2 protein chains.
Amino acid sequence: MKEGPDIARIASLIGDPARANILGALMTGKALTATELAGEAGVTVQTASTHLSKLEVGGLTVVRKSGRHKYISLAGPDVAEVLEALMGLAAGAGHMRTRTGPADSVLRDARVCYNHLAGSQGIAMFDAMVARGFLQVNGDVITLTPAGNDFVTGFGVDLAALQRARAPVCRACLDWSARRTHLAGGLGRALLARIEVLGWAKRQSGSRAVRFTTAGRGAFRAQFGIKD
Amino acid sequence: MKEGPDIARIASLIGDPARANILGALMTGKALTATELAGEAGVTVQTASTHLSKLEVGGLTVVRKSGRHKYISLAGPDVAEVLEALMGLAAGAGHMRTRTGPADSVLRDARVCYNHLAGSQGIAMFDAMVARGFLQVNGDVITLTPAGNDFVTGFGVDLAALQRARAPVCRACLDWSARRTHLAGGLGRALLARIEVLGWAKRQSGSRAVRFTTAGRGAFRAQFGIKD
DNA sequence: CCAATGCTTCGGTTACGGTCGAAGTATGAA
DNA sequence: TTCATACTTCGACCGTAACCGAAGCATTGG
């Protein structure tokens, strides 16, 4: 009818509860199988199958077949960002799914957002890296300074490998819980991976929540120079 | 079922074609009446009425009653940003509503995005202002430098009035057509208003398209120092 | 007070889409 | 080859929600 892209098509894709659950589960960045996603969505595998094909032709997910398994993941970071933005609207309008369960405060503190760290800790890390001159921000474009280069390398990140990959090293991503920017992109993923390897924090299986250990939290804050 | 905000609720709100048309029409930033929106959506006023009440309780729109008229507008810039982001996904997935009509190229060049200038021209204006040191960018936070202060005042913007208002003067907004940042916020609106007052460009009624006159385009580029 | 306009509510129809059982295909293991 | 697993397709059912005609309020103007 009117001009512009067909926004209703994809919005209605996200609008079904089962599909929204599937997409939410994929927000961890991990690729999941069709049966796992059926469990997440609370529907049978047949139903999930039709949902998954719709998501795929809609361009929201991509599929990799491996033997008799089918691994589904989000089509890209832009999809994850739209989902986070929608969560921001939903949270702002006061439409929380559960009346703030016990997991909610953990989620606000630290969670996985498409394989990088989000929540208060993610924001604190990003802010500290900007304050210390490791990251330079210019609009949506974030660049790693020479000092930042040294810093992340010293932290154990294989920067050369990241730069070889085609995905951007640094990206900005917006939080639904605090409406602030945090670090996404290859570097964001690498940092979270390193934090997990060091045992500072652990993802909770089947959830986006990330739990820091007491010692790990201290080490994390010291390493990145997070004050207060 | 799962943790986090209820994303499906609002996504399904946007997912209905009639409501999507309504929201798209409101992207101009202008407040429209219920009957006007019914026309935009291509449904009767009764149907539109139920849609509008759903959008309102969903927190996507706000309403101001004036006599027997009811003026509806988007609830805020964050809603507009989510809509733009969704358009970005839809365009990326190749799901354009019309097979790119004649109005489409005009839209990509210049259009209204919640009362400020978007499209190539909006991006060019933003980039030039950053390059000339009028705007300073730090994450999502954009600040007007002293030099920028002089510049916009010299252009005829009543900056004091903007600062008195509670809305932020500068905001970042993302384009669906070019996936680049442009200037939103009170200043963004004021600049577009000034451009219209000077007769450099005109909004096309009933559309988001903005058409520059030949002379106006030259004056615009000269004023903001846009090269090439 | 009546008429006209703008919007809402009600009732009833229709259609689309989500859902699952059952059967069908493909891949891998025994 | 035979069985088990992972997923898809088919068919039928059901519920929800979009839709409009008609009537009902509310506000303005004469």
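Everything numeric here is computed off the predicted structure, so don't read it as measured data.
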### Task
Would you mind checking if A:Glu196 and A:Arg203 are paired as a salt bridge, meaning a charged N to carboxylate O distance below 4.0 Å?
yes
### Message
By nearest atom, which of the nucleotides D:dT8, D:dA6, D:dA17 is closest to the B:Lys54 side chain?
### Response
D:dA17
### Message
From CG of A:Leu32 over to P of D:dA6, roughly how many Å is that when rounded to an integer?
### Response
15 Å
### Task
Verify the contact: side-chain N or O of B:Arg68 to OP1 or OP2 of D:dG29, cut-off strictly under 4.0 Å; return yes or no.
no
### Residue pair A:Ser53 / A:Glu56, side-chain donor-acceptor N/O under 3.5 Å
no
### Message
How many whole angstroms separate atom CG of A:Asn21 from atom P of C:dT19?
### Response
10 Å
### Query
In whole angstrom, what separates B:Glu56's CD from C:dC7's P?
13 Å
### Message
With a 4.0 Å cutoff (strictly under), does any side-chain N or O of B:Thr44 reach OP1 or OP2 of D:dC20?
### Response
yes
### Query
For the pair made of CD1 in A:Ile72 and P in D:dC7, what is the distance, rounded to whole Å?
7 Å
#### Entry: Modelled atom types, side-chain donor and acceptor of A:Thr47 and A:Thr44, under 3.5 Å
yes
### Query
Base, sugar-phosphate, or nothing: which does B:Ser53 touch, judged by heavy atoms less than 4.0 Å apart?
nothing
### Task
Whole angstrom is fine here: how far is it from CD1 in B:Ile22 over to P in C:dC7?
12 Å
### Message
Just to be sure I understand the rule, does B:Lys65 reach a base, reach only the sugar-phosphate, or reach nothing, if contact means heavy atoms closer than 4.0 Å?
### Response
nothing
### Task
Give a yes or no on whether a salt bridge exists between A:Asp109 and A:Arg217, defined as a side-chain N under 4.0 angstrom from a carboxylate O.
yes
### Query
Is the shortest side-chain N to carboxylate O distance from A:Glu84 to A:Arg111 below 4.0 Å?
yes
### Query
Within this structure, what is the CG-to-C1' distance between A:Leu55 and C:dG17, rounded to whole angstrom?
14 Å
### Query
Base, sugar-phosphate, or nothing: which does A:Ala18 touch, judged by heavy atoms less than 4.0 Å apart?
sugar-phosphate
### Comparing A:Thr47 and B:Val45 on DNA chain C - which has the more 5′ nearest nucleotide
B:Val45
### Message
Taking 4.0 Å as the cut-off, does a side-chain nitrogen or oxygen of A:Lys70 come that near to OP1 or OP2 on C:dT27?
### Response
no
### Query
Quick one: which of C:dT19, C:dT8, D:dT9 gets closest to the side chain of A:Gln46?
D:dT9
### Query
Roughly, in whole Å, what's the span from CZ in A:Arg19 to C1' in C:dG17?
9 Å
### Integer-rounded Å distance: D:dA26 P and B:His69 NE2
18 Å
### Task
Could you please name the option among D:dC19, C:dT19, D:dA17 that lies closest to any side-chain atom of A:Val43?
C:dT19
### Message
Just N and O in the side chain of B:His51: are any of them under 4.0 Å from OP1 or OP2 of D:dC19?
### Response
yes
